[in-house]
Amino acid sequence: MATLGDIGLAAAINILAAIVFLLAFAILRLQPFNDRVYFPKWYLKKARDDPTSTGALIGKFVNLNYKTYFKFFSWIPDALKMPEDELIDHAGLDSAVYLRIYIVGLKIFIPLTILAFVVLVPVNATKGTVHDIDKLSMSNVESGSQRFWAHIVMAYVFAIWTCYVLYTEYETIATMRLSFLESEHRRPDQYTVLVRNVPPDPDESISEHIEHFFRVNYPEHYLTNQVIYNANKLAKLVEKKESLQDWLTYNQNKYDRNPEKRPTTKIGFLGLWGERVDALNFYTTKMDALKKEVAEERERVLKDRKCIMPVAFVSFRSRWGAAVCAQTQQCKNPTIWLTEWAPEPRDVFWNNLAIPFVELTVRRLLISVAVFFLVFFFMIPITFVQSLANIEGIEKAVPFLKPLIEVKVIKSFIQGFLPGLALKIFLIFLPSILMFMSKVEGHTSLSALEINSAKKYYYFILVNVFLGSIIAGTAFEQLKTFIHQSATEIPKTIGETIPKKATFFITYIMVDGWAGIAGEVLRLKPLIVFHIKNMLLVKTEKDREKAMDPGSVGFDQALPTLQLYFLLGLVYAVITPILLLFIVFYFGFAYLIFRHQVINVYNQEYESAAAFWPHVHSRIIAGLVISQILLLGLLSTRAAGQMTPVLIALPILTIWFHKFCKHRFEPAFRRYPIEEATIKDTLERVNEPNLNLKEYLCNAYMHPVFKTDEDSDDDGSETENWKDDDSLVPTKRQSQLGTPKTSKNLSTGTRTDCALDI
């Protein structure tokens, strides 16, 4: 077990690493040629001039103004200056609410830390037989002591304060969301629903069937529909073409710098082997062939009826019509004509729209099983790595290093730093695996992918990082123990080991939450990648913008990490209060770093209007309930059985509070008020009486591969611009419905409303 000295050494290492990262960032951000790496958001907004475009040659690369170097940390007050309303306009509500989660952490844990150190630490430190950090924890209170009443009272106080903060924050964020939606300018998704599992009809095409269904059921509100094509193969070809274009640009730039020598390449994989040929001719020939293949595939997709999926984006003349359709059942059979709010166009994950609806249930079942096995199988290598990342494990694996390991400084480094670092490194590839699983599940928006990936990640870190670090043994040993144990024994088993693992979690917080967060602001990988691309691939200003990698918050990783820190803080607030100091420092430091990143760097791919907040709230409540159950288990092991019944009401009251918040506030995140839709529609008709909504929506949900692109002129295939026309395609059913006639026919490659514009 790590001592206070070990933790002190680990803290010194992590603080030193964080300072080095921050100093490197403070210097690198001042250099003109790094400006696009550290301020990409402003370039994308066309609100910043490139300092390398003017001035002397040296001044384009190095900041020669020595006075600026004395203001190393001027970025800190700059990051805090922007008011929240301006931040929402600048970065969106998602980013603003994400930052508020750190504020919630500070609001909860600063008072808890003060109370814990005023009340619990003196109670824990009185008498006792243990030493070092455990002297400040419940481990130092002798069994059966009446001092445990202080912990029970504080558990109630901490729960009440946490629930109060969460309630006020839920109310605030719900109000922010409704105000944001109210003030938001017109967007295509406000008028559009995604319709899934459209039933087949022998007399009509899918687009015709959709149009007739919605004209009959929403006669005054239906506007148009855009069917979904299975263009996944075409998308892969377009992606391959873009990759080839990069290679062609690289070799063209190489030739332009040295016209006397033609660049060459080998025709094997990545140019590593095979016959050496002229690179420009080779890539130009491949590009021409691929353009032809892209054009042929595009034509095939548009003409082949089998490529049309029973899915469509259906748009309405009003927000009211879209709200009613998205939030109601469309027919007697609840498995067909399924409707939901359409994601905003940039939030759509096009690949999964082509997945048949029946297949989705099978996919999600298989992924659920896969996630279960991933969680428990992954615990085996994690347990193995952590067993090596300690004194006993290393001495057993490499006994000849024992004299070196026993050196005090090295021993402190291993016990206080290495376990947290080993776990952090081992988890690097996990988010990518979980995101792949979420994609296989078939979610149709980037926001849904991130939230579902975040859920999987949370379950993983709950079992592997939290419970897996507390309970010794392999995954199947733990699973076997849980299966054969009485349900009342599980909290006791875990409760016994919780105080012993406080030092491990402290080292993990320092590695991940101190040095790791400081590394985030340095952006070392995007810095290197940008300069490589800038040197090899950039020819135009558009190329330079593509070389920038602003990234995004990445809710699939950021939210579970935050939820883990809430869980650790709530569990150890009563048991080992000293851990709260590290939690508070994390929330404050991370808030500062991510506020800077949100303002200057991150470019969020979509805007969900804080739809993820109920998920965050539920996980914090779950952490609070887990902390209360584990405290019950811990007290039951300390001969304090007569006190534990007092705690039984606490998790029950906490769950009741969660249900109350869910019924009170969650509808604002799951539904769109009809009243609000009516108000916005009325104002729009008054202020913009000549608005051509159909023209505005017609191409809003066009698949990216069908948009007019660079090769449209080359291969002669252009997207048609359709006229604003309310007519229907003639079908066998037309006489029955009394619908007007039209001269266009989908089977010839033309359209129904905006259907073909996908």
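Residues: numbered from 1 along the sequence shown.
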Do you know which of L44, V529, V37 makes side-chain contact (heavy atoms from CB on, under 4.5 Å) with M548?
L44
Any sub-3.5 Å donor-acceptor pair from [X]'s side-chain atoms to [Y]'s backbone N or O?
X    : Y    : value
R523 : V601 : no
Y38  : L522 : yes
S445 : A448 : yes
R595 : M82  : yes
H90  : I599 : yes
E607 : L93  : yes
N603 : S552 : no
D94  : A610 : yes

Side-chain touch [X]/[Y], heavy atoms, less than 4.5 angstrom:
X    : Y    : value
L635 : M138 : yes
F505 : V571 : no
P550 : K41  : no
L22  : V521 : yes
L568 : F466 : yes
D512 : L564 : no
L570 : Y565 : no
L650 : L647 : yes

Kindly say whether the aromatic ring centers of [X] and [Y] come within a distance under 6.0 Å.
X    : Y    : value
W161 : Y164 : yes
Y586 : Y591 : no
F589 : F582 : no

Show me, pair by pair, the donor-acceptor contacts under 3.5 angstrom made by side chains of residues 171-181, not counting sequence neighbours?
residue, atom, partner, partner atom, Å
T172, OG1, T168, O, 2.8
T175, OG1, E171, O, 2.9
R177, NE, A668, O, 2.7
R177, NH1, S608, O, 3.1
R177, NH1, A609, O, 2.6
S179, OG, T175, O, 2.9

Could you report the tightest heavy-atom contact between [X] and [Y], atom names first, then the distance?
X    : Y    : value
A454 : P560 : O-CG, 3.3 Å
G623 : Y458 : N-OH, 4.5 Å
C163 : L624 : SG-CD2, 3.9 Å
R670 : A611 : NH1-O, 3.6 Å
G519 : F21  : N-CD1, 3.6 Å
P651 : V625 : CB-CG1, 4.3 Å

Rounded to the nearest 0.5 Å, how far does [atom2] of [Y] lie from [atom1] of [X]?
X    : Y    : atom1 : atom2 : answer
T113 : F585 : OG1   : CZ    : 13.5 Å
F555 : F612 : CZ    : CZ    : 4.0 Å
I355 : N232 : CD1   : CG    : 8.0 Å
R196 : L353 : CZ    : CG    : 6.5 Å
N351 : T444 : CG    : OG1   : 12.0 Å
F25  : W75  : CZ    : CH2   : 5.5 Å

Just list the side-chain donor-acceptor pairs under 3.5 Å for residues 359-377, sequence neighbours left out, or say none.
residue, atom, partner, partner atom, Å
E359, OE2, R363, NE, 2.6
E359, OE2, R363, NH2, 2.9
R363, NH1, V440, O, 2.7
R364, NE, E441, O, 3.1
S368, OG, R364, O, 2.8

Could you please spell out the steps behind the side-chain contact (heavy atoms from CB on, under 4.5 Å) verdict for F566 and I583?
CA-CA 8 Å; F566 275 104; I583 292 285; over 6 Å; no
Say whether W42 and N600, considering side chains only, have a donor N or O and an acceptor N or O under 3.5 Å apart.
yes
Is a side-chain donor-acceptor pair under 3.5 Å present for D347 with S447?
yes
For F657 and H617, take the angle between the two ring planes, folded into 0 to 90°, and tell me which bin it lands in: parallel under 30, tilted 30 to 60, perpendicular over 60.
tilted
NZ/NE/NH1/NH2 to OD/OE distance under 4.0 Å, R100 and E84
yes
Does a salt bridge link K107 with E169, judged by any charged N lying under 4.0 Å from a carboxylate O?
yes
Member of E450, H443, K456 meeting the side chain to side chain donor-acceptor pair (under 3.5 Å) criterion with S438:
K456
Pairs flagged by side chain to side chain donor-acceptor pair (under 3.5 Å) wherever residues 649-661 is involved - sequence neighbours left out:
Q628-T654
Stepwise side-chain contact (heavy atoms from CB on, under 4.5 Å) test for L120 and F158:
CA-CA 12 Å; L120 294 180; F158 291 174; 4.2 Å; yes
Given F587 and I103, is the side-chain contact (heavy atoms from CB on, under 4.5 Å) satisfied, shown in steps?
CA-CA 7 Å; F587 278 109; I103 299 297; over 6 Å; no
side-chain contact (heavy atoms from CB on, under 4.5 Å) for K439 and L449? Distances and angles first, verdict last.
CA-CA 7 Å; K439 289 178 179 178; L449 286 173; 3.9 Å; yes
